[in-house]
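Right, one structure below, let's go through it.
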Amino acid sequence: MAEYNFQEIEKKWQAYWCDQKVYEVSNQSDKPKYYIMDMFPYPSGAGLHVGHPLGYIASDIVARFKRLKGYNVLHPMGFDSFGLPAEQYAIQTGQHPALTTEQNINRYKEQLKALGFSYDWSREVRTSDPKFYKWTQWIFKLIYNSWYDNKQDKARHIDDLIEILEKEGNQNIDAACDVDTPIISADEWNSYSEKEQQLFLLKYRLTYQAETTVNWCPALGTVLSNDEVKDGFSERGGHPVVKKKMPQWSMRITAYADRLLSGLDKIDWPEPIKEMQRNWIGKSFGAEVDFDVEGSEEKIRVFTTRIDTIFGVSFMVLAPESELAIKLTTNDQKKEVEAYVEAAKNRSERERMSDTKHVSGVFTGSYAIHPFSGEKIPVYIADYVLAGYGTGAVMAVPSGDQRDFDFAKKFDLPIPVINDAQKLTETEADPTKEGKIINSDFLNGLSPEEAMERGIQEVEKLGIGVRKVNYKLRDAIFGRQRYWGEPIPVYYEDGIPKLVPDEELPLDLPQVDEYLPTEDGDPPLGRAKDWNYNGHPYELSTMPGWAGSSWYFFRYMDTDNEEEFCSKEAMKYWQDVDFYLGGSEHATGHLLYSRFWTKFLYDMGIIEVDEYAKKLINQGMIQGRSNFAYRVNGENKYVSKGLKNQHQTTPIHVDVNIVKDDVLDIEAFKKSRPDAADAEFILEDGKYICGWEVEKMSKSKFNVVNPDELVDKYGADTLRMYEMFLGPIEQSKPWNTNGIEGVYKFLRKFWSLFHNGDTFSVTEDEPTKDELKVLHGTIKKIAEDAERLSLNTSVSTFMIAVNELSSLKCNKRSILEPMTIILSPFAPHIAEELWHLLGHETSVVDASYPAFEEKYLVEDSIEYPVSVNGKMRAKISFSADASKEEIEAGALANETIQKWMDGKDPRKVIVVPKKIVNIVV
Ligand code: ANZ
């Protein structure tokens, strides 16, 4: 074989790697461990497009590089295989989602294997596999059986709580629990019936059932999490989402808010992701303060982060949902309030918060009393105050808060200005013009920070307030009214949830006749026959998409273990993920939930780390380059791009696979769209030119490019290197295939270094200095690049090196063998072939990364630009150890320089060693 026959080579070595189990890795080794993982994909029906492998290629290069560097590398892959699309497809076709999922996984695996990834497939996980979800259910049970002890700042077993309750009730317990948890004595607890006790414990359990307001999507027939809802519509499918009260399984992630926050400081994750998580957790420091209400026993408790502005309060605002709102409404105002409360129900929280244009609200008729000034303050209801945050009530400070200011303007309320330091900068309020200036009493002269502190002390002293930390983070809804998910291992006895015993796990997903809710509105599991535990009905909702992905990285460590979640030894050896690669779209979903479960499992003593991924990189998206044809409105006519302005047209997406260099294949287009079969095409220069735009790569935009065709045409090695060549891994970039030929040529050139015509020809000759310089320059650069994940620059480094070696006509083993090793992480197939041609019998992945020797990079001679009166006139080489005097003499003796000096004597000669020579005449 003399030609670079990538098709043959790639098939051959893929089979060899598989047969020889080259990528299987052991849980025991004297080598240091390195665990590098990709976010596992949801296997969609469309297969992989060229964007998906971007991160996989990068991680594969690093995995292979680390292995060459002497690490025992764990590099697994699996499938996040529960999910909505398979279920939607099942609803339409009746095909069991397990079947569709299996087919899709097979296609994914074929595509992944064709790209030559070094995954240890013996460790593959699938979240929808009962062998896997047995352990997801097991973790659910652990979480259910736990509560969070704030004093110890960790989760503990529920039995510990029961023990405390039996002895002393809950008065000394500081725990994460429902807000309505009453204080009870030991006697009360002990007098409770079994059912009452169980209901009470639900207030503490880390997974619990509670009546919650959920995002209900009628079209999808399920509840969605906040991050699955965008502007009132489901992220998937764009269906309307409404608020609804339902009993729901939830997870008390809020118990971990602080640790999730502080943990961010010890992990090397992209700053934007950390910032998103910080904002999502949303910790604010402030105080809760009670305001009396005139003529009422009720008090309005507000949460404020700016108690220093308390003298600037001119009205109060309650959330429309707050019970107090109705209680404080006077008869006169009743009608108006009721109408307002009703209207507010239909707006999502997000809408209410972000809508700053339409200020709305209604007066309750009641007045609060300012705790320090004793003044009467009107109480309003407005939907910019959210029921679910803080206390659902605010003290409004128009000179401090923009929303309060807007509200005051609209309702013609006073805008008092505080006379001292605690004036606020964020607001448009102009204190000198609006309202009266009031004295802020004991806060006078203090900085905002001091005033904050002093304010809290004052309200605490008076017994009308407490210091308070609030979080925006909400507990995570855990139940889905869907079929294709993990069954929740719970059954109901007398209406009380009970856990399915461990021996019965996995609780397999039952067969159903249809994947739709029942006629009574029960989830699809309500259709299963005999779906009960000894006659007690099982839970009908299933787990959300994030359950399996919250812990899968631990399962890879010990995938087949049927006895344990993961053996102690495997856990001890692998510990955590050293490097995690995946998309940033999961910032407040998977990437937060997985940290939560990790912390929980750590508290349980099951794992050794409380953060599972030391380092995270988000690869950019490869966007699609969509093509458009322009249909003339109201006619069956398409005009070429350059002529479209002469008509009223509508752009129509055209499949990019029937467009070449933006020229449309009209016949193919006619075939693809029956309605265009006899359309008229108005051409420019005999061609139909399409328009284009960069968009998300997606089937619906007809801009998907699959890797398969490119692998067929150029080979996986070329595609791997080409994708890296496109630019820095973190950047998003549009796909275009223009440069792929260049990479392909480079690999052929590399191949031909080893060949003389048709024959493999490598000599044992000693390398020259120049050849060694190229080699060691490459060894150094590629190692640095791999550590920094700057893989686009690696590709250019290789290209330059191969060009140089070609011009040096280098075919020496001493150079080409190490070059083969260095290239192998990038282009593993060609490297493996050449490695074997070089006479090796084992895989190149077991080679060692060549040692770098600085001495080969030391220059023998240095080329100096020489200027005369500031203008560069010649380049002259001097030996690297030449003295200043030698350089000066040499420069002055140079013929060209003499010509420019025009016979004059030099007034000054400046020699900057290793850089330049400047002559002034
Ligand atoms: C008085 C004040 C004066 C406030 C000022 C702000 C600025 P974060 O940082 O988001 O925690 N607030 C409290 N509960 C609210 C609710 N349920 N819905 C809407 N707004 C609410 O912000 C806390 C601040 O947001 C609180 O401090 C309160 O207004 C308001 F110059 O109190 B502040």
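Order of appearance sets the numbers: ligands from 1, and atoms from 1 within every ligand.
Of all the heavy atoms of Thr304, the ones lying under 4.0 Å from any atom of ligand 1 are found in both the backbone and the side chain. At a 4.0 Å heavy-atom cut-off, ligand 1 touches Val397 through the side chain alone. Of all the heavy atoms of Val394, the ones lying under 4.0 Å from any atom of ligand 1 belong exclusively to the side chain.
For ligand 1, the atoms lying closer than 4.0 Å to a non-hydrogen atom of Lys472 are 8 (P), 10 (O), 11 (O). Every atom of ligand 1 is numbered from 1 in the order shown, and the set under 4.0 Å from a heavy atom of Phe303 is 11 (O), 13 (C), 26 (C), 28 (C). Those atoms of ligand 1 with a heavy atom of Asp401 less than 4.0 angstrom away are 6 (C), 7 (C), 31 (F). Atom numbering of ligand 1 starts at 1 in the shown order; those under 4.0 Å from a heavy atom of Met395 are 1 (C), 32 (O). Close contacts between ligand 1 and Tyr384 involve ligand atoms 18 (N), 19 (C) [criterion: under 4.0 Å to a heavy atom].
With hydrogens and angles ignored, the 3.5 Å screen pairs a side-chain donor or acceptor of Arg474 with a backbone N or O of Tyr471. Judged by distance alone, the side chain of Thr309 and the main-chain N or O of Arg306 form a donor-acceptor pair under 3.5 Å. Side chain of Tyr148 to main chain of Arg156: no donor-acceptor pair is present (N/O by atom type, distance under 3.5 Å, no hydrogens or angles). Formation of a donor-acceptor pair under 3.5 Å by the Ser399 side chain with backbone atoms of Pro416 is found in this model.
Heavy-atom proximity to atom 5 (C) of ligand 1, evaluated over Glu288, Arg403, Lys283, Arg306, is greatest for Arg306. Here the shortest heavy-atom distance to atom 31 (F) of ligand 1, taken over Gly286, Ala396, Gly400, Ala319, belongs to Gly400.
By the 3.5 Å distance cut-off applied to N or O atoms, Asp404 is not counted among the residues near ligand 1. Checked by distance only, ligand 1 and Leu386 come closer than 3.5 Å through their nitrogen or oxygen atoms.
At least one heavy atom of Val385 sits closer than 4.0 Å to an atom of ligand 1.
In summary, Lys151 and Asp149 do not engage in a salt bridge, as defined by a charged side-chain N under 4.0 Å from a carboxylate O. The pair Arg278-Asp265 meets the salt-bridge criterion, since a charged nitrogen lies less than 4.0 angstrom from a carboxylate oxygen.
Using cut-offs of 30° and 60° for the angle between ring planes, the Tyr580 and Tyr612 rings count as perpendicular. Note on ring orientation: taking the six-membered ring where Trp is involved, the planes of Phe140 and Tyr144 are parallel (angle under 30°, cut-offs 30° and 60°).
The cationic atom of Arg252 (NZ for Lys, CZ for Arg) lies less than 6.0 Å from the six-membered ring centre of Tyr208 and within 45° of the ring axis.
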